[in-house]
Amino acid sequence: MDYNPEKLKDYYEEFPHGKPRMDGIKAAIEAADQNNDVPFMIYFREQICHEACFYGDSMYLMVVFPEMLSIIDRYPDTPSTQFDSGYVNALDHILWVYKWLIDECSSFYQIPMDDCLKFFEDYKKRSVSFGYNLKPYYRALYNFYVFDEEKRADAFYNFEKIPRDSNSDCKACERNTEIGFYLDKGDFGRAVELSKDIENFKLKCGNYWDAWLRMKISFLDYYLNSCMFEEASEIAGLLEHRINEYEKIEYQAWDLIINCYAHTKPGRALRLYKKHWKQLEDGTPHDLFDSASNICCFWDRIRRDGRETVRLHLDRTFSLYNEENIYKTEDLFNYYYSLAKDIAGKFDKRNNASSYMETLAKSLDIARK
């Protein structure tokens with residue numbers, strides 16, 4: 001069959017997001033490599049980075065991105081393809097994708113701290129050499145330093161004071177970063193004021209609801225951490241119906257919703273757990289920490305309310321599976337707590353900090369309010 005990159009793109013875009021589409025893009029990468037088509041060798045790798053980051057296994061992003069950097073370093077003047085002509089050249093597009101990689105550094109305890117910081121430094125140098133400022137760099141650094149409040153705040157204030165340029169993230173994404181910062185600082189009024197343009201959809205990102213979903217998840221997390229369970233439950237209800245329409249991994253906040261409903265609608269929380277338990281076992285280590293933390297809080301609430309056993313139709317992939325489908329709530333709590341604690345220990349060891357264990361302890365304190 002004659003090599004035709006346009007048809008290869010049409011082919012893989014017929015597949016659903018996730019592994020099927022990633023497999024299709026991998027075939028396109030192989031064909032471009034065999035034909036030494038450098039622009040598409042890079043472009044198809046950018047495509048699989050996007051798929052891995054937002055719909056698939058983001059660890060694959062960490063594997064394939066260095067390949068892409070190696071290609072562009074060998075061919076630094078590679079032009080963009082007709083599908084990414086909005087970028088000056090292929091390196092310009094790679095700098096955009098690079099932001100996804102440094103964002104994901106915080107998601108994997110398997111990546112040593114030295115390697116994380118090398119990625120940040122390399123991104124910084126490449127951005128400056130291309131003529132861009134460091135607004136996205138400091139935004140990513142703010143997201144990375146969840147374990148160091150001083151460095152995190154310093155990164156945010158640098159991000160906030162630098163003007164936007166053409167490599168900046170969209171205004172809605174930047175606004176959500178600001179909202180998250182002020183919620184973390186307890187400045188609720190400032191966060192609400194900043195949220196208005198997203199609430200009324202004057203600021204949007206990607207699909208119509210993307211920025212709105214990110215904002216609502218931030219406020220749900222804030223209300224839950226503040227023990228404002230009725231307010232959290234109201235937002236959870238809005239999110240529950242909306243995220244069913246989305247495939248993107250970042251919006252699947254079922255663990256947070258289940259933890260919230262444990263305080264206000266325990267029956268609904270249990271039904272959602274039964275529906276989404278398998279999905280809660282997937283994701284990056286950071287995703288799994290969040291899921292395990294929220295679900296162990298849910299089971300802690302259920303067992304403390306006096307329910308000793310529950311009937312669950314799980315499958316053999318679940319670690320505690322039994323053919324009778326009857327599970328002790330104590331065992332379920334211990335399973336998710338142990339999982340969260342194990343991941344927290346690994347992140348804290350990588351970060352030389354204690355923030356993950358402190359977060360887990362705080363979550364359990366809230367569950368017992």
Side-chain angles (χ1 to χ4, degrees), residues 99 102-103 106-107 133-164 168-205 209-239 242 250-251 253 255-257 259-260 263-264 286 289-290 293-294 297 351 353-367 369:
K99 292 186 286 187
I102 55 178
D103 276 338
S106 61
S107 298
N133 68 34
L134 296 179
K135 193 175 185 70
Y137 164 79
Y138 283 113
R139 178 172 180 257
L141 208 60
Y142 161 75
N143 290 326
F144 178 71
Y145 276 123
V146 293
F147 54 90
D148 189 316
E149 291 186 9
E150 184 175 343
K151 289 181 179 178
R152 185 169 165 84
D154 184 63
F156 176 81
Y157 292 126
N158 276 298
F159 152 77
E160 191 177 41
K161 71 185 181 183
I162 296 174
R164 292 172 51 79
S168 292
D169 299 299
C170 79
K171 292 180 180 179
C173 287
E174 292 185 349
R175 180 63 57 84
N176 265 317
T177 298
E178 295 167 354
I179 291 168
F181 174 81
Y182 288 107
L183 286 175
D184 287 344
K185 287 294 182 184
D187 191 343
F188 182 77
R190 176 67 172 150
V192 170
E193 184 65 27
L194 288 167
S195 73
K196 289 180 180 178
D197 284 344
I198 296 178
E199 187 71 62
N200 61 25
F201 298 98
K202 287 184 178 179
L203 287 180
K204 297 187 289 289
C205 169
W209 293 94
D210 282 27
W212 184 89
L213 286 167
R214 293 189 188 107
M215 179 196 67
K216 290 299 184 184
I217 290 170
S218 292
F219 275 96
L220 172 57
D221 190 53
Y222 170 82
Y223 283 132
L224 190 57
N225 286 330
S226 302
C227 300
M228 301 169 69
F229 302 122
E230 292 299 330
E231 292 85 349
S233 186
E234 182 179 349
I235 292 183
L238 296 173
L239 286 170
R242 184 59 57 188
E250 68 171 298
Y251 304 133
D255 57 307
L256 197 59
I257 292 171
N259 187 5
C260 167
H263 297 271
T264 57
H286 181 77
F289 170 76
D290 284 344
S293 298
N294 280 305
C297 289
N351 298 337
S354 58
S355 62
Y356 276 80
M357 286 300 299
E358 290 168 1
T359 296
L360 177 57
K362 180 182 177 182
S363 297
L364 279 171
D365 285 342
I366 293 169
K369 297 292 187 181

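Along the sequence shown, residues are numbered consecutively beginning with 1.
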side-chain contact (heavy atoms from CB on, under 4.5 Å) evaluation trace for Asn351 with Asp148:
CA-CA 9 Å; Asn351 298 337; Asp148 189 316; over 6 Å; no
For the [atom1] atom of [X] and the [atom2] atom of [Y], what is their distance to the nearest 0.5 Å?
| X | Y | atom1 | atom2 | value |
| --- | --- | --- | --- | --- |
| Ser354 | Leu360 | OG | CG | 12.0 Å |
| Asn158 | Glu160 | CG | CD | 10.0 Å |
| Thr177 | Tyr138 | OG1 | OH | 15.5 Å |
| Cys173 | Lys99 | SG | NZ | 9.0 Å |
| Lys362 | Asn225 | NZ | CG | 4.5 Å |
| Cys297 | Leu364 | SG | CG | 4.5 Å |

Taking the ring of Phe188 and the ring of Tyr222, is the distance between their centroids below 6.0 Å?
yes
Pair Tyr356 and Phe289, ring centroids less than 6.0 Å apart
yes
For the residue pair Trp209 and Trp212, does the interplanar ring angle fall in the parallel (under 30°), tilted (30 to 60°) or perpendicular (over 60°) class?
perpendicular
Whether Phe156 and Tyr182 hold their rings parallel, tilted or perpendicular, with breakpoints at 30° and 60°
perpendicular
Measure the shortest side-chain to side-chain distance between [X] and [Y] over non-hydrogen atoms and say whether it is less than 4.5 angstrom.
| X | Y | value |
| --- | --- | --- |
| Tyr142 | Tyr157 | no |
| Leu224 | Met228 | no |
| Asp255 | Asn259 | no |

Those residues that, when tested against Lys204, pass side chain to side chain contact (heavy atoms under 4.5 Å, CB included) (two or more places apart)
Phe201, Tyr208
Side chain to side chain contact (heavy atoms under 4.5 Å, CB included) against Ser168, all qualifying residues, sequence neighbours excluded
Lys135, Arg164, Asp165, Glu174
Which atom of [X] lies closest to which atom of [Y], heavy atoms considered:
| X | Y | value |
| --- | --- | --- |
| His263 | Ile366 | CE1-O, 3.5 Å |
| Asn133 | Pro163 | ND2-O, 2.8 Å |
| Asp169 | Pro136 | OD2-CB, 4.1 Å |
| Ser195 | Ile179 | CA-CD1, 3.6 Å |
| Cys260 | Phe229 | SG-O, 4.3 Å |
| Ala140 | Ile102 | CB-CD1, 3.5 Å |

So, Tyr251 versus Arg242: side-chain donor-acceptor pair below 3.5 Å or not?
no
Is Arg139 paired with Glu178 through a side-chain N to carboxylate O contact shorter than 4.0 Å?
no
Could you pull out all residues at least two apart from Asp197 that satisfy salt bridge (Lys or Arg N to Asp or Glu O under 4.0 Å)?
Arg175
Considering residues at least two apart in sequence or located in another chain, which fulfil the salt bridge (Lys or Arg N to Asp or Glu O under 4.0 Å) criterion with Arg190?
none
Qualifying side-chain hydrogen bond (donor to acceptor under 3.5 Å, both in side chains) pairs with a residue from residues 226-236, counting only residues at least two apart or across chains:
Ser233-Thr264
Quick check: does any side chain N or O of Asp154 sit under 3.5 Å from a backbone N or O of Glu150, one acting as donor and the other as acceptor?
no
Asp221 (side chain) donor-acceptor with Ile217 (main chain) under 3.5 angstrom:
no
Steps toward side-chain contact (heavy atoms from CB on, under 4.5 Å) verdict (Glu149, Asp184)
CA-CA 10 Å; Glu149 291 186 9; Asp184 287 344; over 6 Å; no
Can you name the residues that form a ring pair (Phe, Tyr, Trp, His ring centres under 6.0 Å) with Phe144, not counting sequence neighbours?
Phe120, Phe147
Might you work through the side-chain contact (heavy atoms from CB on, under 4.5 Å) test for Lys216 and Glu199, ending with a clear yes or no?
CA-CA 9 Å; Lys216 290 299 184 184; Glu199 187 71 62; 2.8 Å; yes
